[in-house]
Each structure stands twice: as structure tokens, then as C-alpha cells.
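Since the structure is predicted, the reported quantities are computational estimates derived from the model, not experimental observations. Remember, it's 1-based here, ligands and their atoms both numbered in the order they're listed.
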Amino acid sequence: MTRLYSFILLWVLSMFLIGSEASAEDLVVSSDFPGGSAEVIQVDQKQRTILIRPAGDPQFGWPCWWYFQVTGVTPGEELTVTVDASQLKQANGQKLSASWALPEQAAFSTDQRRWAQTRPGKKQGENCEWKVKPDAKVVWFAWGPPFVPTDAEQLVKRLSQKHANVTEFELCKTRAGRRVPALVVSPVGEKDNSRLAVWVQARQHAWESGGSWVGRGFIEWAVSDHPQAVALREKADIYYIPIMDIDNVATGNGGKNQVPHDHNRDWSEHPRWNAVQAAMKSLKQLDQQNRLVMFMDLHNPGPNSKQPYFYIAPPELNTERRKALQDAFIAVCREEMREPLKLDRSTPSTGPKYDKRWKEISSNWVRSATREHVIGITLETCWNTPHSNTNGYMTVGQQLGLGIARYLQQDPRQSPKQK
Ligand SMILES: [Zn+2]
């Protein structure tokens with residue numbers, strides 16, 4: 001190559017590089033949308049790094065949730081996202097452990113619909129840093145796959161439009177006036193007051209978005225053509241509430257331990273939260289009709305859990321028969337929940353030592369306020385594993401459906417057969 005040619009080549013190359021540098025847009029971080037939560041600490045436009053803190057107000061629950069949008073991304077470039085969780089506080093001013101806000105793998109999406117997991121992040125003290133090369137100009141990052149009020153609304157609408165036996169309804173309006181969407185699966189035509197009733201709800205704790213994904217997996221399975229789902233629908237009506245604490249999900253707050261108490265410490269004679277009040281009323285009515293057989297409350301547990309598990313009845317609320325039914329249910333769930341998330345053998349309970357408001361926990365209220373054969377139970381699905389993504393969660397939901405269907409092959413209202 002001649003000297004002139006190399007010179008021209010170098011010149012063209014450098015112009016190209018300068019040009020591409022100039023065309024890199026500024027990264028802009030925003031959380032001003034439903035479910036969003038981030039306090040932007042620093043955006044380095046040269047290094048393409050973003051540093052945020054979760055922005056939830058501790059009065060509205062543990063501020064472990066975060067979710068934000070980044071615009072100005074050059075498709076294919078590497079972004080570094082760091083979450084500083086060193087300042088997390090509870091409503092009483094006490095520190096909240098950073099680990100609640102720092103999943104090993106965060107969630108990201110380029111369309112707010114399909115959510116992928118990042119590669120494992122690098123923890124440094126109470127910070128964690130994740131690197132992502134999104135192939136789009138806009139990308140969203142979150143603690144876990146978000147599931148916000150519009151997702152709940154669209155899900156119940158879509159299923160009710162697609163299936164004649166699915167009816168959407170409004171459980172209630174919240175204290176802030178938001179709709180709490182719900183649905184019931186029940187055969188078209190005359191009401192039959194001898195049918196069983198199953199109740200599945202998620203998100204009494206707003207930040208635990210995985211619960212809603214487990215719930216979605218369950219309900220999509222329950223209305224499907226799977227023979228066990230068909231068999232379940234032949235005998236049982238299915239009530240489903242995708243998000244109980246709509247207000248805190250909408251505002252990006254954590255919900256857990258909010259002031260004066262959260263949804264899952266509210267199942268008392270005078271519930272504060274409208275969704276709890278409405279759920280209690282319906283459950284009471286179903287039980288009076290001797291139809292209720294299953295109450296399922298979906299949650300995400302602490303950061304160190306690596307397997308899903310059930311919270312079972314504490315000894316104070318257990319009887320021989322209740323225990324036998326609960327054992328039978330967990331046994332079939334254990335057979336179904338093997339892959340990718342295996343049901344843990346450990347079954348803790350929420351008795352007086354767990355919380356001073358233990359009686360106001362939903363499943364404990366169900367255990368004490370309804371008939372002995374009603375299973376009231378909490379499923380905690382781990383959020384800090386390589387399978388704690390939308391697919392993994394929804395698979396747990398399907399498997400839960402299979403467990404419920406198999407358990408209800410025998411009507412638990414009839415007294416147990418002598419062996
Ligand atoms: Zn919870």
C-alpha cells in the first residue's frame with residue numbers, strides 16, 4: 001500500500017470513529033411510569049455506567065424493589081448498571097439488609113414484555129453491578145420480572161375474551177381508587193352451589209413480582225386443554241387475583257411491612273385494605289356454602305432461599321384432619337414440582353413466634369375462620385436462582401395447578417374413608 005493510500009485510510013477511519021462517538025446519545029434514566037422506582041445517583045455518559053438506588057418510601061413497605069428505563073442506548077453497546085442498596089431503611093428507621101434488593105441476576109427487557117436475566121452480577125459490599133449489551137435503543141432494568149396493574153388487567157381481559165367460562169370482575173377499588181382486577185373460572189349457565197371453590201391470589205407484598213408470574217402460570221394452565229385442568233374445572237370454580245396490593249405495585253413501593261401493617265397482616269375483624277376486606281367476604285361466603293376447599297397465597301421469600309416451599313399451619317391452628325389433608329396436598333405438589341425448581345421438603349409455619357400479628361396472616365385467618373377441610377396455605381417461590389425468571393415462575397404455577405387438580409380428585413369435604 002502506498003503512503004497516500006494508508007493516509008487516506010487512516011483519515012477515513014478516524015472520521016468514522018469521531019462520527020460514531022458523536023452519534024452516541026446521552027443515556028437517560030427514568031422511572032416515571034407504573035411500577036417504576038429508582039433514584040438516579042450518577043450516569044457516566046463516557047463509561048456508559050448507571051448508578052441508582054431503590055426509591056421506595058419505607059412508609060409504604062420495604063424499599064427493595066427497583067425498576068427503570070434507559071433511553072439513548074446504542075444497540076449492541078455494553079451498559080453497566082449498579083444498584084446501591086446500602087441505604088435501605090425500614091419504616092421504623094432500622095436498616096434493611098442490602099441483599100433484599102440485589103438479585104444475583106437482575107431482569108432486563110427491550111419491550112417490557114419479554115424479560116431476560118442478566119449474567120450474574122458483581123457484588124461489592126452493598127452494591128451490585130450487572131453488565132448488559134442490549135440490542136435496542138431503549139432498555140428496562142428491574143429487580144425481577146415486573147408484573148404491574150396493566151399486566152393484571154390485560155391478563156384477566158385476555159382470558160375472559162378467549163374462554164367462555166372465564167369471567168373477569170373487579171374485586172374492589174383500592175383506598176387510592178384503583179381497580180383490583182380478578183377473574184373466576186366457572187361453567188356458563190346456572191349457578192351450582194355444590195361445586196368446589198379454589199382461591200389463588202398473589203402480591204399481598206407488592207415487591208414480590210414473582211408471585212404474580214407463578215399466578216399467571218397457574219391460571220393459564222387452569223383454563224387450558226390439559227386433561228387435568230379440564231378435570232379440575234369440571235368440579236371446581238377457580239377464583240384468581242393477580243395483584244392484591246395494586247396501589248404499592250403501581251407506585252413502585254415494596255408493600256411488605258408498610259405502615260400501619262401490610263396486606264398479609266390485615267386479615268382481622270376490621271381490615272384496613274379493601275382487597276383484603278373483599279377477599280375475606282367472598283371466602284367467608286364460599287365457606288358458608290360449603291364450597292371452599294383451597295386458599296393459596298403466592299409470595300417470594302428471602303434472598304437465600306433456593307427452592308420453593310410452603311408455609312404450613314402452625315400447631316396452634318392444626319388438627320389431625322387438617323394436617324392429613326395438608327400433607328396429602330403437599331405430597332402431590334412434591335411429585336409435580338421437580339424441575340426446574342424443586343419443592344423444598346422444609347415446611348415452616350407462621351405461628352406466634354413468627355410475628356405478633358400471626359393471626360392476621362391470610363392463610364392463618366383461613367385456617368381459623370373456615371371449615372376444617374379447607375387448606376389455607378402460602379407458597380414461597382425463590383427469586384434468587386437462575387430459574388427465577390418468567391419461564392421458571394410460570395412452570396411452578398403450572399405444577400401448582402397439577403398439584404391442586406390431583407389433590408382434588410377426591411372431594412376433601414367428605415370425611416376420610418376408613419382404611
Ligand atoms: Zn411476602
Are more than 12 heavy atoms from other residues, nucleotides or ligands located less than 6.0 Å from atom CG of N193? yes
Where is the tightest heavy-atom contact between L171 and A275, given as atom of each residue plus distance? CD2-O, 3.7 Å
Sequence-distant partners of R367, salt bridge (charged side-chain N to carboxylate O under 4.0 Å, His left out), two or more places apart: none
Aromatic plane relationship, Y67 with W65 - under 30° parallel, 30 to 60° tilted, over 60° perpendicular: perpendicular
In this structure, OG1 of T350 is separated from CG of L317 (nearest 0.5 Å) by 8.0 Å
Which protein N, O or S atoms lie under 2.8 Å from the Zn ion (ligand 1)? H205 ND1, E208 OE1, E208 OE2, H299 ND1
Taking atom NZ of K306 as the centre, does the number of heavy atoms from other residues, nucleotides or ligands within less than 6.0 Å exceed 12? yes
